[in-house]
Amino acid sequence: MSKVRTRYAPSPTGRMHVGNLRTALYEYLIAKHEDGDFILRIEDTDQERYVDGAIDIIYRTLEGTGLIHDEGPDKDGGYGPYVQSERMASGIYLDYAKKLVDKGAAYYCFCTKERLDSLKKAFGDSDDSKEDYKEIIKYDKHCLHLSKEEIEDKLAQNIPYVIRQNNPLEGSTTFHDAIFGSITVDNEELDDMILIKSDGYPTYNFANVVDDHMMKITHVVRGNEYLSSTPKYTRLYQDFGWEEPVYVHLPLITNEEHKKLSKRSGHASYEDLIEQGFISEAIVNFVALLGWSSPNNTEIMSLEELIRDFDYRNINKSPAVFDIVKLRWMNSEYIKMMDGDKFFNMALPYIKEVISKDLDYRRISDLIKTRIETLCDIGEMIDFFEELPEYNVEMFTHKKMKTNTESSLKVLRDLLPRFEALEDYSEASIESLIKSYVSEKEIKNGQGLWPVRTAISGKQSTPGGAYEIMSILGKEESLCRIRLAIDMLEKAINE
RNA sequence: GGCUCGUUGGUCAAGGGGUCAAGACGCCGCCCUCUCACGGCGGAAUCAGGGGUUCGAGUCCCCUACGAGCUGCCA
């Protein structure tokens with residue numbers, strides 16, 4: 001059996017959206033599961049849509065996600081070039097197209113845009129929303145019947161031309177997909193698609209077939225949206241007399257409205273997600289589970305585990321909704337599993353964004369590790385360290401803690417001199433001080449701790465409790481905040 | 001409009017004719033607890049509809065409905 005070779009063939013048109021990322025991932029996994037090669041090929045045959053810097057985004061994304069390619073523009077494996085515009089320079093696409101012309105499987109077409117437009121037929125109600133109003137065009141093979149002389153003549157006159165596939169009008173074409181099974185389409189439905197554009201570039205569809213064959217790609221993995229055009233690919237393979245690869249068409253990924261993900265939905269691309277505070281491993285893991293599930297029913301899986309367990313035959317047929325809520329959960333799982341040092345390094349920039357004081361960032365980092373879903377949650381969780389927020393005295397009243405303004409005032413008044421006298425502001429020291437006060441007064445932990453935590457944070461909820469926060473804030477700031485609380489409570493009670 | 005594909009809880013999903021249809025996210029409740037999280041325990045919630053085939057159907061066939069994709073000198 002020949003070595004498995006898959007390819008990721010993006011067109012450099014912008015950021016890599018999660019659908020493309022999943023395609024790349026599955027291609028990588030299929031290859032690596034069989035110890036095969038994963039190839040990167042840039043499909044830049046559309047100069048109109050080419051975006052500067054997009055190739056760098058592709059490199060960055062593959063590197064960031066760990067989908068390391070074995071061959072590509074930057075890694076020659078003997079099947080180059082790996083950029084279609086460079087391949088075109090050698091004239092291979094035109095040569096192959098001409099071979100098809102010689103066989104009668106393709107033909108020159110000189111039709112003008114105007115003539116093509118006249119073939120279009122409107123249907124649907126034009127009063128309806130634009131989406132219902134479509135045009136249908138199937139080329140009428142007008143130029144198929146040009147004589148050899150006529151063609152030579154037009155070519156000599158430099159009349160612009162394209163080369164079209166010559167599909168039969170009768171019979172049917174069948175291909176097999178690893179996920180969707182056998183699909184048969186009447187040849188009558190097959191349009192004579194363009195192989196070579198008038199600018200000399202091949203269309204994606206044609207370049208794909210030629211390149212996949214020349215690069216010995218064994219498994220063609222791509223989005224479901226290509227299912228409809230695959231019969232035309234099959235005809236091309238047959239006309240060339242080439243062996244077809246294994247087709248693996250992937251179900252669509254949709255947004256919550258069950259529509260194709262769009263750039264506007266915000267969470268569409270890998271880089272968007274990174275900016276939203278998601279971590280790479282979680283994104284990869286989550287995306288892997290959109291359309292596939294592990295046979296041993298595990299969900300949190302490293303790339304290595306995915307390689308080991310992935311089997312493309314288990315891929316789902318139905319479209320999957322991209323559920324960012326579940327991604328958030330998975331992201332939080334990855335953060336919790338992460339080594340403390342590693343998390344600290346990732347969290348530090350987010351911490352420094354809201355805290356400029358000289359505090360123990362590492363301890364803050366440890367406090368938030370189990371409490372955040374994305375790195376972007378950090379800011380609002382810890383901003384009170386930097387500055388005490390304005391808060392209402394009513395916050396001291398808590399039913400479950402059995403506290404109110406009076407009881408809180410008493411606790412804080414009792415504790416203030418002890419805190420003032422305390423030298424060691426370590427967590428343990430503060431803890432034993434408060435604990436002994438609580439047992440001395442025979443009150444509940446909550447009755448003693450709620451007022452303190454409220455006073456030093458000004459928040460209903462905080463990462464960590466009173467001991468942790470006080471020890472991080474330090475003596476001076478803690479005392480200052482407690483005195484402020486006492487003032488507020490006194491004022492409120494006297495009114 | 002035509003062609004193609006799809007349809008198991010709100011979401012991801014297991015399930016290839018025969019236990020009360022797994023599991024996860026989310027949601028709700030309880031426990032733990034100085035708050036919020038973490039963790040633990042429990043709960044509600046699903047086979048789109050209709051016909052067949054069969055002793056028996058989420059699983060096979062047909063129809064309907066709904067959804068999606070394609071219908072570009074885009075990929």
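Just so we're on the same page: letters track the sequence lines, and every chain starts at 1.
Within the nucleic acid shown, A:F286 has no heavy atom closer than 4.0 Å to any nucleic acid atom. Counting any heavy atom pair closer than 4.0 Å across all strands shown, A:T45 reaches sugar-phosphate atoms only and no base atom.
In this structure, CZ of A:R328 is placed 14 Å from P of B:A37, rounded to the nearest angstrom. Atom CD of A:E256 is separated from atom P of B:G26 by 15 Å (rounded to the nearest Å). Going from atom CZ of A:R164 over to atom P of B:C73 covers 7 Å, rounded to whole Å. For the pair A:I324 CD1 and B:G10 C1', the interatomic distance rounds to 17 Å; values are reported in whole Å. Between the P atom of B:G72 and the CG atom of A:N205 lies a distance of 12 Å, rounded to the nearest Å.
Minimum atom distance to the side chain of A:E43 is reached by B:A75, of the listed B:A75, B:G6, B:C73. Nearest to the side chain of A:V321, among B:G69, B:C73, B:U11, sits B:U11. When each of B:G6, B:A75, B:A13 is scored by its nearest atom to the side-chain atoms of A:N316, the top-ranked nucleotide is B:A13. You'll find that the side chain of A:L252 is closest to B:A68, out of B:U11, B:A68, B:G6. Comparing atom distances between the A:S318 side chain and each of B:G69, B:U8, B:C73 picks out B:U8 as nearest.
Between A:T462 atom OG1 and A:R371 atom CZ the span is 7.5 Å, to the nearest 0.5 Å.
Closest-nucleotide positions on RNA chain B for A:T462 and A:D199 were compared, and the one nearer the 5' end corresponds to A:T462. Residue whose closest nucleotide on RNA chain B sits further toward the 5' end, between A:I372 and A:T184: A:T184.
Between A:K369 and A:D339 no salt bridge is recorded (no basic side-chain N to carboxylate O distance below 4.0 Å).
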Under a 4.0 Å heavy-atom criterion, the protein footprint on nucleotides 61-66 of chain B, written with B, S and -, is ------

Given protein heavy atoms under 4.0 Å, the one-letter contact record of nucleotides 38-45 of chain B, with B base, S sugar-phosphate only and - none, is simply SS------

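Identified under the salt bridge (Lys or Arg N to Asp or Glu O under 4.0 Å) test for residues 191-208 of chain A, with sequence neighbours left out: A:K141-A:D192.
Other residues, nucleotides and ligands contribute more than 12 heavy atoms inside 6.0 Å of the CD atom of A:E406.
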Tabulated below should be each protein N or O lying under 3.5 Å from an N or O of nucleotides 19-23 of chain B; please produce it.
none

Taking only N/O atoms, report every protein-nucleotides 29-34 of chain B pair under 3.5 Å with atom names and distance.
unit_1	atom_1	unit_2	atom_2	d
B:C34	OP1	A:N445	ND2	2.9
B:C34	N3	A:A466	N	3.1

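There is no side-chain donor-acceptor pair under 3.5 Å between A:Y391 and A:E394. No side-chain N or O of A:N205 forms a donor-acceptor pair with one of A:Y226 less than 3.5 Å apart.
When the C1' atom is used for both B:G39 and B:A22, the distance is 23 Å, rounded to whole Å.
For RNA chain B, each stem of at least three Watson-Crick or G-U pairs (distances under 3.5 Å) is given as range with range: B:1-7 with B:65-71, B:10-12 with B:23-25, B:27-31 with B:39-43, B:48-52 with B:60-64.
Cation-pi geometry between A:R164 and A:Y139 is met: the NZ or CZ atom falls under 6.0 Å from the ring centre, inside 45° of the normal.
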